[in-house]
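What follows is a set of notes on a single structure, which appears directly below.
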Amino acid sequence: MTPLTDESLLVGMAVGDQDAAAAFVRRYQARVYGLALTVVAIPALAEEVAQESFVKAWQHAAAYDARRGRVATWLLTITRNAAIDAVRYRREVPLDPDVLTAKLVADQDPSAEPADRFATMDHIRGALRQLPLEQSRPVVLMTFYGLTAKDIAERDGLPVGTVKSRVRRGLGALRDRLGASDG
Amino acid sequence: MAESQACQETRELLPELAAGVAEGGARAVALAHLGRCLDCRRELSEITAVLDDLVLLAPEHEPSPGFETSVLNALAPARPGRRPLRATAFAAAAAVLVAALTGGLVGRQTSDDRQLARQYRDTLAVADGRYFVAADISTAVEPSTGHAFAYQGSPSWVFISVESASSSGTYQVQLITTDHRAIDIGLCGVTDGKGSWGTTIQVPIRDISRIQLVRAGAPTMSARFG
Ligand SMILES: [Zn+2]
């Protein structure tokens with residue numbers, strides 16, 4: 001027996017099937033809450049953000065577009081945006097970006113997740129690991145903490161143009177490495 | 001590079017646009033340019049895909065024990081007993097389903113499309129007595145004019161997506177059960193060969209032999225489940 005697909009749980013949720021909704025929440029709560037906690041760093045606020053993200057997913061189930069990626073990606077993008085909104089006026093980032101990067105790329109136990117998912121994640125970890133810190137730092141600050149190039153420039157005492165070009169080069173390198181095996 | 005000045009300025013801002021942190025006038029100018037420039041839109045979607053991938057790396061963390069209950073309460077505010085299924089819920093289900101099951105290729109009717117639908121049918125899953133099945137809708141002469149989906153759950157429901165009917169108009173939708181009863185379950189409008197419709201049903205999904213769409217003067221379309 002295989003578990004129900006994400007899509008069918010989402011459909012169940014959209015038509016008011018409480019058990020499908022419960023299964024969907026159970027399947028994703030650790031990832032949604034984990035991402036929210038990474039961004040906002042305050043457990044109570046992270047739970048609010050995570051809850052809001054599930055509600056938004058439910059409200060926008062009709063906008064889910066399978067061409068653009070898996071349910072996980074879609075749900076976590078909703079979560080990231082909600083989390084960044086929740087800390088928009090924060091002055092300090094909760095964790096040094098290099099420390100966060102080290103956490104993101106840390107080796108994981110292959111037996112802890114399904115093989116295909118592990119392969120995808122390991123591929124992304126490998127791509128990020130290869131970036132020089134001067135590129136990964138602004139990329140991570142922008143992606144996980146919602147900082148603009150200007151914010152990063154002020155924080156790190158760099159010209160805005162330098163930050164922008166490092167971000168672009170970093171994302172370009174990631175795109176090349178991630179695209180290489182997707183196609 | 002043959003990038004125009006406007007492209008260059010937009011490219012500068014794409015990472016911040018993709019990350020949803022771009023602000024002010026520069027953002028508005030870049031969005032206006034994106035509306036006109038396919039190359040920049042393509043670049044934006046590639047950068048967005050990279051950011052989406054990075055976000056997947058966030059470490060997992062279990063929320064507190066009451067979390068699931070509180071989310072479920074938020075999802076179903078004021079539910080006195082069984083809530084009737086709303087039409088908008090079906091619109092949502094329709095979009096999710098059709099996109100999910102055909103990879104968004106509905107309406108293009110390629111052999112890839114049909115192959116994908118077949119794969120989904122093979123892998124669609126069974127758990128806890130709930131399951132989801134899909135089947136091609138065909139006529140005597142056309143192999144695939146759409147897809148039918150059925151979900152066994154509470155409630156159980158069926159959903160029909162007609163993508164290339166040879167005859168438009170209002171079709172009577174019937175369930176044919178495995179013991180050969182025909183049950184009218186509603187009407188599905190088809191315009192320019194396309195239409196979609198769904199309803200909750202009382203019949204267990206495993207008792208459905210086929211679903212058919214019948215209209216006088218038109219070939220009967222049928223999806224075989226049994
Ligand atoms: Zn352009």
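Numbers restart at 1 for each chain; the letters A, B, ... are given by sequence-line order, proteins then strands. Values below: every heavy atom of this structure, side chains too, minus hydrogens, waters and symmetry copies.
Note on A:Val139, A:Leu37, A:Val167: by heavy-atom pairs under 4.5 Å with chain B, the leading option is A:Leu37. Of all the listed residues (B:Ala58, B:Pro63, B:Ala19, B:Pro15), the one sharing the greatest number of non-hydrogen pairs under 4.5 Å with chain A is B:Pro63. Between chain B and the residues A:Lys164, A:Glu47, A:Arg31, A:Arg117, the largest count of heavy-atom pairs under 4.5 Å involves A:Glu47. The greatest number of non-hydrogen atom pairs below 4.5 Å with chain B, out of A:Thr38, A:Ile124, A:Leu174, is found for A:Ile124. Interface summary for chain B: among A:Thr120, A:Thr148, A:Val32, A:Leu100, the most heavy-atom pairs under 4.5 angstrom belong to A:Thr148. Of the listed residues (B:Glu62, B:Glu46, B:Glu68), the greatest number of heavy-atom pairs within a distance under 4.5 Å of chain A belongs to B:Glu68.
Using a 4.5 Å cut-off between heavy atoms, A:Leu76 contacts chain B through both its backbone and its side chain. There is no contact between B:Ala49 and chain A, counting heavy-atom distances below 4.5 Å. Heavy atoms of B:Ser45 lying under 4.5 Å from chain A are absent altogether. Both the backbone and the side chain of A:Val55 come within contact range of chain B, with heavy atoms under 4.5 Å apart. Only the side chain of A:Phe144 comes within contact range of chain B, with at least one heavy atom under 4.5 Å from a heavy atom of that chain. Only the side chain of B:Ile47 comes within contact range of chain A, judged by heavy atoms closer than 4.5 Å.
Salt-bridge annotation for B:Glu43 and A:Arg175: present, with a side-chain N of the basic residue lying under 4.0 Å from a carboxylate O of the acidic one.
At most 12 heavy atoms of other shown residues, nucleotides or ligands fall within 6.0 angstrom of atom CG in B:Asp192. When the shell of 6.0 Å around CZ of A:Arg129 is examined, it contains more than 12 heavy atoms from other residues, nucleotides or ligands.
Contact check for B:Pro59 versus A:Leu35: no side-chain heavy atoms found under the 4.5 Å cut-off. Inter-residue side-chain proximity for B:Val55 and A:Thr77 is flagged as unmet; no heavy-atom pair is nearer than 4.5 Å. Side chains of B:Leu51 and A:Leu171 form a contact here, defined as non-hydrogen atoms less than 4.5 Å apart.
The minimum heavy-atom distance between A:Arg80 and B:Ala18, with the atom names listed, is NH2-O, 4.3 Å. In terms of heavy atoms, A:Ala149 sits closest to B:Glu16 at N-OE2, 3.0 Å.
Taking OG1 of A:Thr73 as the start and CG of B:Asp53 as the end, the distance is 6.5 Å to the nearest 0.5 Å. To the nearest 0.5 Å, atoms CG (B:Leu72) and CD (A:Gln51) are separated by 9.5 Å.
Ring geometry for A:Tyr33 against B:His61 counts as perpendicular: the plane angle is over 60°, on a 0 to 90° scale with 30° as the lower cut.
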